[in-house]
Protein chains: 2
Amino acid sequence: MGVTKTQIFTDKQNDLAQFFKVLGHPARVAILQYVSKQNACICSDLVDEIGLAQATISQHLKELKSINLLKGEVEGKRMCYCINVERWSEIQEQLNTFFNNAKSNCC
Amino acid sequence: MGVTKTQIFTDKQNDLAQFFKVLGHPARVAILQYVSKQNACICSDLVDEIGLAQATISQHLKELKSINLLKGEVEGKRMCYCINVERWSEIQEQLNTFFNNAKSNCC
DNA sequence: ACTATATATTGCAATATTACGATGTTAATT
DNA sequence: AATTAACATCGTAATATTGCAATATATAGT
């Protein structure tokens with residue numbers, strides 16, 4: 001098996017889990033922290049900064065792009081990766097909604 | 001190789017990624033939503049509610065316990081799983097700190 | 001055109017995750 | 001004491017993820 005049974009969950013649950021999953025790797029957390037600290041990003045900086053092979057960084061960037069958290073623009077022979085601010089807030093809001101809905105008075 | 005290189009990241013980055021990772025599965029999102037909706041929880045309810053085998057649910061609960069998001073108390077022959085409210089707020093705060101630190105003016 | 005630079009893609013090995021049946025464990029019930 | 005109920009744990013198969021070398025692609029500079 002080993003396959004997540006997405007069919008039995010709602011779209012919202014799957015989406016939420018998908019955000020969490022993409023953020024669930026220290027390299028991707030580190031990339032987001034670095035990019036947001038810089039206000040601009042060049043991928044080769046990340047390779048030096050983070051200490052993973054270029055292919056690996058590129059892969060992580062791809063996943064962050066897949067949920068639209070990062071947007072990349074070609075700038076000559078470089079790529080400029082930036083935080084997608086609208087999406088960023090949107091996700092933050094969704095996570096807060098998720099967290100705010102917990103009321104646990106038992107135990 | 002398939003192993004996350006945790007050594008090259010800070011403890012904070014690893015911890016943050018760990019929360020995200022645990023939350024990064026729709027079954028665990030669904031469990032948290034259900035538990036927080038109920039104000040009390042019995043595991044057998046979850047098996048019916050979610051539609052995964054009992055062993056699978058039990059495994060997911062274990063992971064949620066591993067980051068202290070859920071606490072379980074023995075209640076006779078049943079288990080009462082509840083949201084750990086302090087931890088819950090703590091994590092929410094950490095996530096918001098993470099999200100609030102992004103300032104992206106580029107592109 | 002050639003070369004160097006920056007990034008993406010592919011292929012693959014190592015390891016992790018997901019799911020579940022089978023089997024333990026513990027406590028209430030008979 | 002035997003049985004049932006409610007989990008937990010183990011073992012294992014299927015699949016996913018991580019990481020990197022090798023290779024492809026695309027652009028800038030010579």
Side-chain angles (χ1 to χ4, degrees), chain A residues 1-9 13-14 17-31 34-35 40-67 70-82 107, chain B residues 1-9 13-14 17-31 34-35 40-67 70-82 107:
Chain A
M1 300 139 202
V3 209
T4 299
K5 290 187 160 181
T6 50
Q7 339 92 35
I8 65 174
F9 302 105
Q13 287 168 338
N14 284 316
Q18 187 58 31
F19 301 151
F20 281 130
K21 190 174 183 181
V22 170
L23 295 170
H25 191 289
R28 294 193 286 268
V29 167
I31 288 172
Y34 187 71
V35 173
C41 161
I42 289 136
C43 185
S44 58
D45 287 354
L46 283 173
V47 176
D48 296 341
E49 179 75 12
I50 305 218
L52 289 170
Q54 181 266 322
T56 309
I57 295 289
S58 189
Q59 218 172 236
H60 283 305
L61 287 169
K62 194 178 176 183
E63 288 185 72
L64 289 167
K65 267 192 294 183
S66 79
I67 56 165
L70 281 190
K71 51 183 177 181
E73 276 182 32
V74 182
E75 215 175 60
K77 66 181 166 184
R78 300 189 158 183
M79 280 296 295
C80 172
Y81 275 113
C82 303
C107 302
Chain B
M1 288 131 203
V3 210
T4 298
K5 289 188 162 180
T6 50
Q7 340 90 35
I8 66 174
F9 303 105
Q13 286 168 338
N14 284 315
Q18 187 56 30
F19 301 150
F20 282 130
K21 192 174 184 180
V22 169
L23 296 169
H25 192 288
R28 293 193 286 267
V29 167
I31 287 172
Y34 187 70
V35 173
C41 160
I42 289 136
C43 187
S44 59
D45 287 355
L46 284 173
V47 175
D48 296 342
E49 179 74 11
I50 306 217
L52 289 170
Q54 180 266 321
T56 310
I57 295 289
S58 190
Q59 218 173 236
H60 283 306
L61 287 170
K62 193 179 176 183
E63 288 185 72
L64 289 167
K65 270 190 294 182
S66 79
I67 56 164
L70 280 190
K71 51 182 176 181
E73 276 182 33
V74 182
E75 215 175 58
K77 66 182 169 185
R78 299 189 158 185
M79 282 296 296
C80 173
Y81 276 113
C82 303
C107 301

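Note that the structure is predicted; figures quoted are calculated from it, not measured. Below, chain A is the first sequence line, B the second, and so on; all start at residue 1.
- Of the residues in residues 17-29 of chain B, those lying under 4.0 Å from DNA chain C by heavy-atom distance are B:K21, B:H25, B:R28.
- In this structure A:R28 satisfies the side-chain contact (heavy atoms from CB on, under 4.5 Å) test together with A:V22, A:H25, A:H60, A:E63, A:L64, sequence neighbours excluded.
- From B:K71, atom NZ reaches atom SG of B:C80 across 9.5 Å, with rounding to the nearest 0.5 Å.
- Phosphate contact (OP1/OP2 of C:dA19, side-chain N/O of B:H60, threshold under 4.0 Å): present.
- Between the C1' atom of D:dA6 and the CG atom of B:L61 lies a distance of 13 Å, rounded to the nearest Å.
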task: Scan nucleotides 21-29 of chain D nucleotide by nucleotide, 5' to 3', and note B when protein non-hydrogen atoms come under 4.0 Å of the base, S if they reach only the sugar-phosphate, - if neither.
output: BB----BS-
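- Whole-Å rounding puts the A:K62 NZ to C:dA6 C1' distance at 17 Å.
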query: Given A:D45 and A:Y34, is the side chain to side chain contact (heavy atoms under 4.5 Å, CB included) satisfied, shown in steps?
result: CA-CA 10 Å; A:D45 287 354; A:Y34 187 71; 3.9 Å; yes
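- Taking 4.0 angstrom as the limit, B:Y81 places none of its side-chain polar atoms (N or O) nearer than this to OP1 or OP2 of D:dA6.
- Under the 4.5 Å side-chain criterion, counting only non-hydrogen atoms from C-beta, B:I50 is in contact with A:F9.
- Nearer the 5' end of DNA chain C, as judged by each residue's closest nucleotide, is the contact made by A:R78, out of A:R78 and A:Q59.
- A search for side-chain contact (heavy atoms from CB on, under 4.5 Å) contacts involving A:K77 returns nothing, not counting sequence neighbours.
- Partners of B:Q54 according to the side-chain contact (heavy atoms from CB on, under 4.5 Å) rule, which considers only residues two or more places apart in sequence or in another chain, are B:V47, B:S58.
- Residues B:L46 and B:L52 have side chains not in contact (no heavy-atom distance under 4.5 Å, counting atoms from C-beta outward).
- For A:K65, the side-chain contact (heavy atoms from CB on, under 4.5 Å) criterion is met by A:L70, A:Y81, not counting sequence neighbours.
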